[in-house]
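So the structure is just underneath, and the comments pick up after that.
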Amino acid sequence: STTEVSTTPGNFEAVGTVSELESQGQILNEDFQNGAISVTRNPEDAQLLYAVNPTCTHKGCLVDWNAGERKYICPCHGSEYSPDGTLLKGPAEENLPPYLVKIEGEQVLVQA
Ligand code: FES
């Protein structure tokens, strides 16, 4: 008998456009397959994007992107995360989950 184990990762899903990212500094899409998704970019390198699930790992509030300080700040109890989801300040104890993200033409795609 043959056992087939699928290692195929999830498909990339379009979550927004490059223009949206450029004009607003963030793509926030709450209809993403695995829950909400937030995409930001490195101001030094427009091709370098970060995608995270912006649901605070403390008690589940949606974190706000602070473009000036280049970090996510939770409006509920003040936890902070870097653009790649790394926890900077509690009370949360876990990072925001990161996702693979890429640009294809005008579309920004995230791997579900
Ligand atoms: Fe985000 Fe508590 S829910 S800090």
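Bear in mind that the values here come from a model prediction, so they are computed numbers and not experimental data. Numbering of ligands and ligand atoms starts at 1, following listing order. This chain uses plain numbering: 1 for the first residue, then up along the sequence.
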Task: Polar protein atoms near atom 2 (Fe) of ligand 1 [N, O or S; cut-off under 2.8 Å] - done: His58 ND1, His77 ND1
TODO: Please go through Tyr50's hydrophobic cluster and name the other residues, only I, L, V, M, F, W, Y counting, with side-chain heavy atoms under 4.5 Å joining them.
DONE: Leu48
Open item on the list: What I want to check is whether the side chains of Ser19 and Glu106 have a donor and an acceptor closer together than 3.5 Å.
Closed with: yes
- [ ] Answer with yes or no whether the hydrophobic clustering places Val15 together with Val52; edges join I, L, V, M, F, W, Y residues whose side-chain heavy atoms lie under 4.5 Å apart.
- [x] no
Open item on the list: When you compare the side chain of Pro97 with that of Asn53, does any pair of heavy atoms fall below 4.5 Å?
Closed with: yes
Open item on the list: Is the shortest side-chain heavy-atom distance between Arg41 and Pro83 below 4.5 Å?
Closed with: no
- [ ] Check the pair Tyr72, Ser79 against side-chain hydrogen bond (donor to acceptor under 3.5 Å, both in side chains), reporting the backbone distance first and the verdict last.
- [x] CA-CA 8 Å; Tyr72 291 101; Ser79 289; over 6 Å; no
